[in-house]
Amino acid sequence: MLDRKKIRDDPELIKAKLATRGDEYADIVDRIFQLDADERKAQVELDGLRRERKELSKEIGRLMKGGNEAQAEAKKKTVKDINEKAAAVEEHFNAIQDERVSLLAILPNLPDDSVPVGGEEARQIIKEHGEEGSLAFEGNDHVDLATALNLIDFPAAGRVSGSGFQFYVGLGAELQRALINLMLDIHIGEHGYREMRPPFMVKPEAPFGTGQLPKFKEEMYHVFTPLEQVEHDPAGHPDYYLVPTAEVPVCNYYRGCILPPETLPVKLVAYTPCWRVEAGHYGHEARGLRRVHEFDKVELVVLCAPEESDGFLERMTGEAERVLELLELPYRRVLLPTGDMTFASAKTYDLDVFAVVSGEWLEVSSASNTGDFQSRRANIRFRRDANAKPEFVHMLNASGLALPRVVIALLENNQLEDGTVTVPDALQKYMRGIERLTPPENPLPFLD
RNA sequence: GGAGAGGUGGCCGAGUGGUUGAAGGCGGCAGUCUCGAAAACUGUUAUGCGGGUUUCCCCCGCAUCGGGGGUUCGAAUCCCCCCCUCUCCGCCA
């Protein structure tokens, strides 16, 4: 959420900055500017009326005590008139405020000045680590490898849940666990994060806080209480969202709170499954593990003082890179341009890994500084000193990492000509010392 | 799922219709005292929005006692709905 005062102070500047993210925002900013002025005018009027009422009511109390009923009754009439007027002003005020708030909620964050302006073509490759490389033989892609090695049963997932889901089987399932544990251990042990296991279903307020709602409602799975219960109890527990990323529950951990001095920075790491609708993506884009409805991810979240967030973005991105280095995967760091960033972000780095057979760079991490955009929405503040005024914290998140595309690169890049796949050193101790993925002696039949 | 109890400021806790945004205590901060500290004493100590002044200094107003709605000239206080917490029983991984 942008600060309404910023729009009040310099609407043209806000319009210019938002124009780099899309052309639909100028009108909204103008409208908010107008509503803000009207709202304040209405508030002054309303506050004045309420003040009058308050004073008169006190006076009535005094008159009643003094036995002066006739005068009291006369004043009551006056207050009733004031109330009628106030009710009308209040209705007007509420209508303006509702519109202003809902418009403000659909404006994205302002991009940081260091972010390149433009669309996909303006992406900047900041850093490359490792070679794109190629295989000395004709390799298989991850779907064929995962199937041949009895790691992932795609047809079974289709039967049970539909496309976009997977059954990880045997070493495939172990590989998932190993990757999750490796990542968690690195971030906890080497990078000083605290692990958190958040709820996987959240109330609508949570994705509002992080910025998925209201604009991107259609990208999350929505879970409803059984109809019978709702009829029985219309107001109770209306709905939940399945978390699209751990960022949603973890960032909302301190929703509505004022953090005492010495609390910051708060560094949290969480593993969760992530659920995404990903509507409209089929074909090559979605083959195998490229784009799925449910996947595993380890996520880093930092809450810090405003002056520290720039530094944390660099650090967190580096921490995600560390995992790729341990996995010995070639990667590059990309600075996203204004038109490519997610709604809440002021600055984002993506990490892409190279998958040799697919011949593509695949996004496995996204590290974003959201500044005070999310903390305003989720109302998370802190005090520098015991008696200092509360300030909004800065919030950052970074995937560290999302598993499916890591698995793609791991399988494709590490395959040998005999069809087996080597396990990187760092991962072996998480996989019972297994050095190579080979077809099991008695595979679980994958049946079409 | 059944029965009961309860939600007030950073914390504890008073308050059942009229200067109560809220007594009292604890904690925090500042000061006095002290070589210093403790103790004691004094003062201060919620958040948001708005207006004025003006720029971070103050003044003023409004709202907020779990959330929402209602009654009333006036609600922390009365009524209704919801949420949450705790205790006991039941059920269950």
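The sequence lines fix the lettering, A, B, ..., with proteins before strands; numbering per chain opens at 1. Below, all heavy atoms of this structure are taken into account, side chains as well, without hydrogens, waters or symmetry copies.
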Exercise. Taking the same atom, C1', in B:G67 and in B:C11, what whole-Å distance lies between them?
Worked result: 23 Å
Exercise. Taking atom CZ of A:R194 as the centre, does the number of heavy atoms from other residues, nucleotides or ligands within less than 6.0 Å exceed 12?
Worked result: no
For this session: Please measure how far the P atom in B:A76 lies from the corresponding atom in B:U20, and state the result in whole Å.
Result: 13 Å
Exercise. When we call it a touch if two heavy atoms are under 4.0 Å apart, what does A:P260 touch: a base, just sugar-phosphate, or nothing?
Worked result: nothing
Exercise. Do other residues, nucleotides or ligands put more than 12 heavy atoms under 6.0 Å from A:E218 CD?
Worked result: yes
Problem set entry | C1' gap between B:G66 and B:G9, integer Å | 14 Å
Exercise. When the nearest nucleotide of RNA chain B is assigned to A:R40 and to A:P390 on a heavy-atom basis, which residue is associated with the more 5' position?
Worked result: A:P390
Seminar exercise, completed: Scanning all shown strands, the Watson-Crick or wobble mate of B:G74 with both distances under 3.5 Å is none
Exercise. What about the rings of A:F343 and A:F373, do their centers lie closer together than 6.0 Å?
Worked result: yes
For this session: Could you tell me which nucleotide pairs with B:A63 by Watson-Crick or G-U wobble geometry, both distances under 3.5 Å, or answer none if nothing does?
Result: B:U47
For this session: Could you check how far CD of A:E205 sits from P of B:C82, rounded to whole Å?
Result: 18 Å
Exercise. If you measure from the C1' atom in B:G51 to the same atom in B:U44, how many Å do you get, rounded?
Worked result: 26 Å
Exercise. Out of B:U47, B:G50, B:G18, which nucleotide sits closest to the side chain of A:M64?
Worked result: B:G18
For this session: Check every atom of B:U47, B:G18, B:G50 against the side chain of A:S57 and return the nucleotide holding the closest atom.
Result: B:G18
For this session: Quick one: do A:Y221 and A:Y241 satisfy ring-ring contact (aromatic ring centres under 6.0 Å, His included)? Show the steps, please.
Result: CA-CA 6 Å; A:Y221 288 102; A:Y241 289 89; over 10 Å; no
Exercise. Any chance CG of A:D9 has more than 12 other-residue heavy atoms, nucleotides or ligands included, within less than 6.0 Å?
Worked result: yes
Problem set entry | Watson-Crick or G-U wobble mate for B:C26, both contacts under 3.5 Å | B:G10
Problem set entry | Distance, rounded to the nearest Å, where A:E59 contributes CD and B:U19 contributes C1' | 12 Å
Exercise. Counting any heavy atom closer than 4.0 Å, what does A:I60 reach on the DNA or RNA strands: base, sugar-phosphate only, or nothing?
Worked result: base
Exercise. When every nucleotide of nucleotides 53-71 of chain B is labelled 5' to 3' by its protein contacts under 4.0 Å (heavy atoms), B for base, S for sugar-phosphate only, - for none, what sequence of letters results?
Worked result: --------BSS--------
For this session: Taking atom P in both B:A14 and B:C78, compute the distance separating them and give it to the nearest angstrom.
Result: 15 Å
Seminar exercise, completed: Any strand, both distances under 3.5 Å, Watson-Crick or G-U wobble: B:C56 pairs with none
Exercise. Quantified in whole Å, what is the P atom distance between nucleotide B:G18 and nucleotide B:U32?
Worked result: 43 Å
Problem set entry | G-U wobble or Watson-Crick pairing nucleotide for B:C92 (cut-off 3.5 Å, both distances) | none
Exercise. Rounded to the nearest Å, what distance is computed from the CZ atom of residue A:F382 to the P atom of nucleotide B:U47?
Worked result: 14 Å
Seminar exercise, completed: So CG of A:L396 and CZ of A:F312: to nearest 0.5 Å the spacing works out to 8.0 Å
For this session: Answer yes or no: is there an ion pair linking A:E90 with A:R50, defined by an N-O contact shorter than 4.0 Å?
Result: yes
Exercise. Which part of the nucleic acid does A:K203 contact within heavy-atom distance under 4.0 Å: base, sugar-phosphate only, or nothing?
Worked result: nothing
For this session: Would you kindly give the NZ-to-P distance between A:K76 and B:U72, to the nearest whole Å?
Result: 11 Å
Exercise. Looking across every strand, which nucleic acid part, if any, lies under 4.0 Å from A:N83 by heavy atom: base, sugar-phosphate, or nothing?
Worked result: sugar-phosphate
For this session: Taking only the side-chain nitrogens and oxygens of A:K80, find out if one of them lies under 4.0 Å from OP1 or OP2 of B:C73.
Result: yes
Problem set entry | Whole-Å gap separating C1' (B:C29) and NZ (A:K389) | 14 Å
For this session: Calculate, to the nearest 0.5 Å, the distance between atoms CG and CG belonging to A:L411 and A:L149 respectively.
Result: 7.0 Å
For this session: Could you please name the partner base of B:G4, counting Watson-Crick and G-U wobble pairs only when both distances are under 3.5 Å?
Result: B:C86
Exercise. How many Å lie between CE on A:M1 and C1' on B:G48, as a whole number?
Worked result: 14 Å
Exercise. A:R100 has an atom CZ; how far is it from atom C1' of B:G50, in whole Å?
Worked result: 12 Å
Problem set entry | B:G69 and B:G25, which share atom name C1', separated by this distance in whole Å | 36 Å
For this session: Using heavy atoms to find the nearest nucleotide of RNA chain B for A:G61 and A:D36 separately, return the residue whose nucleotide is more 5′.
Result: A:G61
For this session: Would you mind reading off the distance between A:I96 atom CD1 and B:C49 atom C1', rounded to a whole angstrom?
Result: 14 Å
Exercise. Are any of A:R383's side-chain N or O atoms less than 4.0 Å away from OP1 or OP2 of B:G28?
Worked result: no
Problem set entry | Aromatic plane relationship, A:H191 with A:H187 - under 30° parallel, 30 to 60° tilted, over 60° perpendicular | tilted
Exercise. For A:E307, does the CD atom sit with more than 12 other heavy atoms under 6.0 Å from it, leaving out its own atoms?
Worked result: yes
Exercise. B:G90 and B:G13: how far apart are their P atoms, nearest whole angstrom?
Worked result: 30 Å
